[in-house]
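Computation of the quantities below employed the complete heavy-atom set of this structure, encompassing side-chain atoms and omitting hydrogens, waters and symmetry-equivalent molecules. Keep in mind that what you see is a predicted model, and the values were worked out from it rather than measured.
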Amino acid sequence: MRLNRTLQTRYLAMIVCSMLILPIAFPLASFVTYLPAIIFKDDIITYNSTEIASLWHEAAEQLSSPMQEEIIHTLENWEEMYEEASMFWVDEWGRTRFKTDPSLPIPELWNPSYTVSFMKDSYGGDPFTVVAFIGSTKDDGFLVLQIPRVFMDYPIRQLEEYYQYIYLGMVALVLLVFISLSWFFFKRIRKRIVQLQVSMDVKDKGIPSRVKVGEKDEIGALEESFNNMIHQLEEGRLREQEEEQLRKELIANLSHDLRTPLASIRAHTFSLGEEEKLSSKGKQSVAIIDKKIDYLHNLIENLLSYTLLTSGKYTYCPRDIDINRAIRMSLTAWYPIFEKEKFTIDIQLHEQTVYWEIDPNWFERILDNVFQNVVRHALSGKYIGVLFDGKTISIIDKGQGMKEESFNAGVGIGLSIVHIMAKEMKISWEIKSSNTGTIITLTKE
C-alpha cells in the first residue's frame, strides 16, 4: 500500500492544513473586513471638518446686511449640498428663527446660560458643530451647522461598527470550511465501516454478502480481506453441501442394501432354531443373534429416517388426532415385547378425549423410539409407566439410567429423531435420568 494512500497520511495532511489555515484566517479576516472601505471609498460620504468650518464662517460673514429671506436661502442651499447636515438660525435677540430639521431639540428662545452650555457641549462632541456669527459686527445673531461626526472620519472608520460582525463572520467561515472537510472525511470512513458491519450482520446465520472495495487504503485492504473470507466461506459451504449430500446418499443406499442380507440371516437363524437340534447354549446363541438382528434392523431404519428428516424428504402430514388412542395403539404393538421382558406396565391416560395437531406416523415413531430406549436402558428395572394428564405425556422407567453403560446401548440416533420430529410438531420434550430411573416428558406447545 502506497504511503500517500493511507488514512493516517490523509488525516495528518488535514491536520497540517488546518494548522496552516487557522493562522492565516485571522489576517485574511482582517483584510476582508477592511476591503469594503477600500472598494467603496468613493461612494462613502466623507467631509473635511476644517474645510467645512472655514466655508461656514465665510458664508456667515458674507451676510453683512442680513435679511430673513437671504439667511433662509443660504441655509437651504447648504442643506442641498450637505443632506446629512442640520442647520438653524438664532437672531440677535436669542430667538430661533429657522431650522432645517423641525425635530431638532433646541429651544425657541436662547438665554445666556443655555447658549454657554450649548457651546461647551458642542466642542469636540457628536455631532460635529460649527457656530458662525452673522456679518462682520457679530451683532446679528449666529448660524449653527451640525453634521454627524461619523461623516468626518475616513471610510474605514465609518464602517467600524460593522467590523466585528464581518471579522467574526470570516473566522466562522474558515472554521466552518475546516469542520466541513473533517466531517466529509470521517463520513466516508464511517460509511465504509457501516457497509462492512451491515454485510456481517447476517441474522439467519448465512454467509455475508460481499462489499464493494473502495480506495486502496487500510479500509480498502480490510474490504479485500473480507471479500476473500466470503469467498472461502462460500467454497467451504459448497464443499459441506456436497459432502452432506454424499453422506446422505451413502446412508440411504447402505440402509437399502443391508436390508436384504439381514432378512436372509434372520430366515436362516429361524430355520436353525426350528429345524436343527441345538443344545441349550446353541439356542441361547441363536436368541442373541436374533436380538442383534432386531437391533441392526432398527438402527438401519433410524439411519434412513434421520437422513430423510435432515434432508427434508420425510413426509409430514399433520392433523388432529386423539392422543389417548394414539398411545394405546403404540402400546398394543409393544405390549408383547414388554411382557416377554417381564416388565410391569403402568398405564394412566386422561379421562377426556384430547386432540393434538400432529402427524400420527411421526408421533408413533417418537413413541417407538422412546419405548425402544426403555427396553435398551431400563431392562434391569422391569418397569414402564405411561402417564397422560391431558397436557403432558410422561414415560417412566426404573432402570439404571441412560448415563450408565448397558449391553444394548445404541448410538443416540433414535433420540435425535425424537428431537427433530418433536421440534417440527411443536412438542417440547425433556429427559431426566438418574441411577434410579429415567423420565421422558412430551408436552404440546
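- Proximity of L145 to Y82: side-chain heavy atoms (C-beta onward) are nowhere separated by under 4.5 Å.
- E235 and H231 make their closest contact through OE2-NE2, 2.8 Å (heavy atoms, listed as atom of the first residue, atom of the second, distance).
- Two residues are said to be in side-chain contact when any heavy atoms from C-beta on lie closer than 4.5 Å; V374 and F343 meet this criterion.
- The shortest side-chain heavy-atom distance between F371 and I337 does not fall under the 4.5 Å cut-off.
- Checking each of I327, I396, V370, D346 against V386 for a side-chain contact (heavy atoms from CB on, under 4.5 Å) leaves exactly one that passes, namely I327.
- Nearest approach of M87 to L75, heavy atoms of both residues: CE-O, 3.7 Å.
- Classified by interplanar angle (parallel below 30°, tilted 30° to 60°, perpendicular above 60°), the ring pair W362/Y316 is tilted.
- Side-chain contact check for I358 versus I323: some heavy-atom pair is nearer than 4.5 Å.
- With contacts defined as side-chain heavy-atom distances shorter than 4.5 Å, the pair V354/K444 does not qualify.
- V375 places a side-chain heavy atom less than 4.5 Å from the side chain of F338.
- Annotation: W110 is in aromatic contact with F88 [ring centroid separation under 6.0 Å].
- Residue S330 comes nearest to D368 through the heavy atom pair OG-OD1, 3.6 Å, listed as atom of the first residue, atom of the second, then distance.
- Between H419 and W429, the ring planes are tilted. Angles from 30° to 60° get that label.
- For the pair T438 and S433, the tightest heavy-atom approach, listed with the atom from each and the gap, is OG1-OG, 2.9 Å.
- Residues Q400 and N435 form no side-chain contact, since every pair of their non-hydrogen atoms from C-beta on lies 4.5 Å or further apart.
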